[in-house]
Amino acid sequence: MSADLEAKKRRGEHAARILKDSLVNEALTGMRETIYHNIRTSHFKDAEEREELYRMLKATDAFERQFKDAINGGKKAESKLKELLNKLR
(Lines give C-alpha, C1' and ligand atoms only; values in the text may rest on other atoms or scores of the structure.)
Protein backbone atom coordinates (compact mmCIF):
# COMPACT_ATOMS: atom_id res chain seq x y z
CA MET A 1 0.00 0.00 0.00
CA SER A 2 2.72 2.47 0.89
CA ALA A 3 4.53 1.66 -2.37
CA ASP A 4 1.37 2.60 -4.28
CA LEU A 5 1.04 5.82 -2.29
CA GLU A 6 4.69 6.63 -2.88
CA ALA A 7 4.23 6.08 -6.62
CA LYS A 8 1.19 8.39 -6.66
CA LYS A 9 3.14 11.01 -4.72
CA ARG A 10 6.03 10.86 -7.22
CA ARG A 11 3.59 10.99 -10.13
CA GLY A 12 1.98 14.10 -8.65
CA GLU A 13 5.36 15.74 -8.14
CA HIS A 14 6.29 14.95 -11.74
CA ALA A 15 3.02 16.43 -13.00
CA ALA A 16 3.65 19.58 -10.95
CA ARG A 17 7.11 19.98 -12.48
CA ILE A 18 5.64 19.62 -15.95
CA LEU A 19 2.90 22.19 -15.38
CA LYS A 20 5.42 24.62 -13.88
CA ASP A 21 7.69 24.31 -16.93
CA SER A 22 7.73 27.60 -18.83
CA LEU A 23 7.68 25.92 -22.23
CA VAL A 24 4.57 23.91 -21.32
CA ASN A 25 2.88 27.05 -20.00
CA GLU A 26 3.79 28.97 -23.14
CA ALA A 27 2.41 26.17 -25.30
CA LEU A 28 -0.89 25.96 -23.41
CA THR A 29 -1.27 29.74 -23.36
CA GLY A 30 -0.40 29.97 -27.04
CA MET A 31 -2.91 27.28 -27.95
CA ARG A 32 -5.68 29.00 -26.03
CA GLU A 33 -4.84 32.42 -27.46
CA THR A 34 -4.84 31.04 -31.00
CA ILE A 35 -8.13 29.25 -30.48
CA TYR A 36 -9.80 32.35 -28.97
CA HIS A 37 -8.42 34.51 -31.77
CA ASN A 38 -9.76 32.12 -34.39
CA ILE A 39 -13.17 32.06 -32.72
CA ARG A 40 -13.32 35.86 -32.55
CA THR A 41 -12.26 36.32 -36.15
CA SER A 42 -14.37 33.54 -37.66
CA HIS A 43 -17.07 34.48 -40.12
CA PHE A 44 -20.51 34.57 -38.55
CA LYS A 45 -21.74 31.82 -40.90
CA ASP A 46 -18.88 29.47 -39.97
CA ALA A 47 -20.51 27.73 -37.03
CA GLU A 48 -18.86 24.40 -37.88
CA GLU A 49 -15.38 25.95 -37.55
CA ARG A 50 -16.29 27.52 -34.19
CA GLU A 51 -17.61 24.19 -32.95
CA GLU A 52 -14.32 22.53 -33.91
CA LEU A 53 -12.38 25.31 -32.17
CA TYR A 54 -14.54 24.84 -29.09
CA ARG A 55 -13.72 21.11 -29.09
CA MET A 56 -10.03 21.99 -29.38
CA LEU A 57 -10.35 24.32 -26.40
CA LYS A 58 -12.07 21.63 -24.35
CA ALA A 59 -9.34 19.13 -25.31
CA THR A 60 -6.67 21.60 -24.20
CA ASP A 61 -8.47 22.02 -20.88
CA ALA A 62 -8.79 18.24 -20.47
CA PHE A 63 -5.07 17.79 -21.19
CA GLU A 64 -4.17 20.28 -18.46
CA ARG A 65 -6.74 18.79 -16.07
CA GLN A 66 -5.01 15.39 -16.32
CA PHE A 67 -1.89 16.95 -14.81
CA LYS A 68 -3.87 18.80 -12.13
CA ASP A 69 -5.66 15.58 -11.19
CA ALA A 70 -2.29 13.82 -10.86
CA ILE A 71 -1.03 16.68 -8.67
CA ASN A 72 -4.08 16.46 -6.41
CA GLY A 73 -3.75 12.68 -6.23
CA GLY A 74 -0.10 13.08 -5.26
CA LYS A 75 -0.98 15.51 -2.49
CA LYS A 76 -3.60 13.12 -1.14
CA ALA A 77 -1.12 10.25 -1.26
CA GLU A 78 1.47 12.36 0.56
CA SER A 79 -1.06 13.19 3.29
CA LYS A 80 -1.97 9.53 3.63
CA LEU A 81 1.71 8.56 3.87
CA LYS A 82 2.25 11.13 6.62
CA GLU A 83 -0.82 9.82 8.42
CA LEU A 84 0.50 6.25 8.22
CA LEU A 85 3.92 7.36 9.44
CA ASN A 86 2.39 9.16 12.40
CA LYS A 87 0.45 6.01 13.35
CA LEU A 88 3.73 4.07 13.43
CA ARG A 89 5.29 6.50 15.88
Side-chain angles (χ1 to χ4, degrees):
M1 177 172 171
S2 66
D4 183 47
L5 291 172
E6 193 61 44
K8 285 182 181 181
K9 178 184 170 215
R10 283 193 308 276
R11 186 172 185 264
E13 290 167 346
H14 187 186
R17 285 191 306 275
I18 290 170
L19 275 189
K20 288 179 184 176
D21 186 278
S22 62
L23 185 58
V24 172
N25 277 298
E26 287 174 29
L28 289 170
T29 300
M31 290 172 66
R32 287 186 177 105
E33 287 174 356
T34 300
I35 292 167
Y36 284 126
H37 171 77
N38 290 340
I39 289 171
R40 284 191 305 273
T41 59
S42 65
H43 192 267
F44 74 96
K45 290 183 179 180
D46 210 348
E48 193 173 312
E49 179 186 354
R50 283 189 300 278
E51 288 175 9
E52 179 62 25
L53 290 164
Y54 177 77
R55 285 189 289 274
M56 290 172 64
L57 184 61
K58 297 308 270 182
T60 302
D61 292 343
F63 177 80
E64 185 175 32
R65 191 170 43 258
Q66 289 293 314
F67 289 96
K68 290 180 178 180
D69 290 347
I71 292 167
N72 289 333
K75 288 178 182 177
K76 289 177 185 175
E78 183 176 17
S79 292
K80 186 67 175 173
L81 283 168
K82 287 180 182 178
E83 183 181 307
L84 291 171
L85 186 60
N86 286 335
K87 285 182 181 180
L88 294 175
R89 291 182 182 172

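- Considering CG of Asn38 and CG of Asp46, their distance stands at 10.5 Å, rounded to 0.5 Å.
- Thr29 places no side-chain N or O within donor-acceptor distance of the main-chain N or O of Glu26, the cut-off being under 3.5 Å.
- Here CD of Glu64 is found 10.5 Å from CE of Met31. Values are rounded to the nearest 0.5 Å.
- Judged by distance alone, the side chain of Arg50 and the main-chain N or O of His43 form a donor-acceptor pair under 3.5 Å.
- We find the CZ-CZ distance between Arg17 and Phe67 to be 12.0 Å, quoted to the nearest 0.5 Å.
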Check the pair Glu13 / Arg10 against salt bridge (charged side-chain N to carboxylate O under 4.0 Å, His left out), numbers first and verdict last.
CA-CA 5 Å; Glu13 290 167 346; Arg10 283 193 308 276; over 6 Å; no

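- Rounded to the nearest 0.5 Å, atoms CG (Leu81) and CD (Glu83) are 10.0 Å apart.
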Using the salt bridge (charged side-chain N to carboxylate O under 4.0 Å, His left out) rule, take Glu52 and Arg55 through it: C-alpha gap first, then chi angles, then the decisive distance, then the call.
CA-CA 5 Å; Glu52 179 62 25; Arg55 285 189 289 274; 3.0 Å; yes

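- For Thr60 against Leu28, the heavy-atom pair with the smallest separation is CG2-CD2, 3.8 Å.
- With sequence neighbours excluded, no residue forms a side chain to side chain donor-acceptor pair (under 3.5 Å) with Glu49.
- Here the CG-CZ distance, from Leu85 to Arg89, works out to 4.0 Å after rounding to the nearest 0.5 Å.
- By the criterion of side-chain heavy atoms lying less than 4.5 angstrom apart, applied directly or through intervening Ile, Leu, Val, Met, Phe, Trp or Tyr residues, Ile18 is grouped together with Phe63 in one hydrophobic cluster.
- Taking all atoms of both residues into account, the shortest heavy-atom contact from Ala77 to Leu5 is CB-O, 3.4 Å.
- Separation of atoms CE (Met56) and CG (Asp61) is listed at 12.0 Å; rounding is to 0.5 Å.
- In this structure, Asn25 and Leu19 approach most closely via the heavy-atom pair ND2-O, 2.7 Å.
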